[in-house]
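Written below as structure tokens is the structure these notes are about.
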Amino acid sequence: LCDLAKEDLIRDVSEIIGWVQTFLIDEDYVVIHSAVRTLHHLIQAEELDFSMVIKVLNKRLVAVDDTEAIVKLPDIVVEALVQLMGIGENNDSESSDSDGSESGDDSEIVISQQVQASTLGLRSLALILGQSLLEQDAKVYFDKESMMRMAKLVHESLGRYSLEHIGISTEMIRSECTETSEYDSIKKIIELGFDISEKHHAVDTCNFDEGLIALARKVVVFEEDALGPSLWNQKTCKPFTKNLHHA
């Protein structure tokens with residue numbers, strides 16, 4: 001099924017969706033991995049809607065914003081889930097509906113609850129993986145190589161979203177930022193990622209840095225657009241761009 005979905009050869013999804021949902025609760029984690037990848041391909045082929053799939057995953061596998069539950073899954077299942085969570089911005093019909101969603105201040109972007117949950121889950125996962133890889137006494141969830149690979153996938157998935165879809169607004173950047181804001185968490189994720197890349201320089205860092213660099217560029221451009229000349233005003237909330245120049 002996964003290969004058929006990848007090649008966009010499934011024409012009547014209703015005939016196989018029941019099987020896929022059953023595979024999500026299979027005892028064999030390889031089967032679960034294949035089920036998640038199948039759903040991923042069906043979303044990309046526009047055979048399934050992102051929000052609907054997230055609702056199914058929340059019910060049958062794990063809540064996508066429950067990071068503690070996610071890290072209890074086998075590593076290959078987490079990797080497949082993280083990749084799926086990153087494709088919500090352009091594959092989510094509910095993001096055009098106002099019911100149960102939030103709209104961005106600047107560009108009237110309406111974000112579905114499922115996209116919000118996915119970006120929250122990705123941000124939380126990036127932080128705990130980063131801390132586990134960087135801090136000596138931090139809890140270890142998987143082996144180092146698996147966590148490095150997962151962190152790379154999380155950065156790539158986050159990078160597929162605009163900062164507005166992650167929940168960052170220009171007003172958030174202009175105002176007094178808090179440590180719990182989406183903006184602050186993205187800055188921490190990028191800084192952790194670069195620190196990890198430097199610490200574990202022997203592990204495929206060239207590819208590992210690509211997702212981080214793309215994400216950092218988005219933040220820099222967003223800050224420049226939001227703050228303009230005040231970017232260098234010390235009274236503003238420590239922008240990421242300023243930290244890069246001080247590094």
Side-chain angles (χ1 to χ4, degrees), residues 1-88 91-92 112-115 117-133 138-160 200 203-204 207-208 211:
L1 283 179
C2 185
D3 290 338
L4 290 174
K6 184 176 181 179
E7 298 299 326
D8 194 17
L9 296 176
I10 297 176
R11 289 293 167 262
D12 190 352
V13 176
S14 63
E15 293 184 355
I16 58 96
I17 194 63
W19 293 349
V20 177
Q21 290 190 61
T22 301
F23 295 156
L24 288 172
I25 57 174
D26 198 276
E27 294 182 358
D28 187 342
Y29 62 84
V30 176
V31 174
I32 299 173
H33 169 267
S34 295
V36 176
R37 292 299 293 163
T38 299
L39 292 171
H40 185 143
H41 296 315
L42 289 172
I43 293 170
Q44 290 186 312
E46 299 183 351
E47 297 290 342
L48 291 176
D49 179 68
F50 180 81
S51 277
M52 186 196 77
V53 169
I54 294 298
K55 290 174 184 177
V56 170
L57 291 172
N58 286 343
K59 182 177 180 181
R60 308 286 286 189
L61 181 62
V62 68
V64 298
D65 57 355
D66 186 348
T67 314
E68 290 299 323
I70 289 174
V71 294
K72 292 177 182 177
L73 296 170
D75 55 356
I76 64 169
V77 176
V78 176
E79 291 172 18
L81 182 62
V82 162
Q83 289 175 292
L84 186 152
M85 290 163 65
I87 60 173
N91 298 282
D92 183 40
S112 73
Q113 291 180 345
Q114 288 70 41
V115 167
S118 295
T119 58
L120 172 58
L122 289 169
R123 286 188 287 111
S124 300
L125 192 56
L127 289 171
I128 67 167
L129 288 173
Q131 290 163 356
S132 185
L133 283 163
K139 185 175 180 179
V140 176
Y141 298 93
F142 305 95
D143 64 85
K144 184 178 74 173
E145 187 173 338
S146 294
M147 288 195 294
M148 291 285 286
R149 189 168 56 249
M150 286 178 198
K152 175 186 172 183
L153 292 173
V154 171
H155 295 144
E156 290 175 353
S157 286
L158 279 170
R160 291 189 180 98
H200 301 284
V203 188
D204 194 20
N207 289 333
F208 182 68

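All values reported here derive from a predicted model rather than from experimental measurement.
- Between the CH2 atom of W19 and the CG atom of D26 there is a distance of 14.5 Å, given to the nearest 0.5 Å.
- Atom CZ of R37 and atom CG of L42 lie 11.5 Å apart (nearest 0.5 Å).
- Here CZ of F50 is found 3.5 Å from OG of S118. Values are rounded to the nearest 0.5 Å.
- For Q21, the side chain to side chain contact (heavy atoms under 4.5 Å, CB included) criterion is met by I17, V56, R60, not counting sequence neighbours.
- Partner M85 forms a side-chain contact (heavy atoms from CB on, under 4.5 Å) with one of D65, V64, V154, L120 and no other, that one being V64.
- Here the closest heavy-atom approach between residue A35 and residue L24 is recorded as CB-CD2, 3.8 Å.
- Among pairs with a residue in residues 124-133, none fulfils side-chain hydrogen bond (donor to acceptor under 3.5 Å, both in side chains), at least two apart in sequence or across chains.
- Every residue two or more places apart in sequence or in another chain that forms a side chain to side chain contact (heavy atoms under 4.5 Å, CB included) with L73 is listed here: L61, V62, V77, V78, L81.
- When every heavy atom of P74 is checked against every heavy atom of F142, the shortest pair comes out as C-CE2, 4.3 Å.
- Residues meeting the side-chain hydrogen bond (donor to acceptor under 3.5 Å, both in side chains) test with D143, sequence neighbours left out: S146.
- Within the 3.5 Å criterion, the main-chain N or O of V36 finds no donor-acceptor partner in the side chain of H40.
- Residues E156 and G211 come closest through the heavy atom pair CG-CA, 4.5 Å.
- The salt bridge (charged side-chain N to carboxylate O under 4.0 Å, His left out) pairs that include a residue from residues 68-87 are E79-R149, where partners are two or more places apart or lie in different chains.
- Pairing each heavy atom of G88 with each of V115, the nearest pair is O-CG2, 3.9 Å.
- In terms of the side chain to side chain contact (heavy atoms under 4.5 Å, CB included) criterion, residue partners of I128 (sequence neighbours excluded) are, by chain and number, T67, V71, L125, Y141.
- To the nearest 0.5 Å, the span separating CD1 on I25 from NZ on K59 amounts to 10.5 Å.
- Heavy atoms only, all atoms of each residue included: R160 and G86 are closest at CB-O, 3.3 Å.
- The CD1 atom of I54 lies 5.5 Å from the CG atom of L84; values are rounded to the nearest 0.5 Å.
- To the nearest 0.5 Å, atom CE of residue M150 and atom CD1 of residue I76 are 10.0 Å apart.
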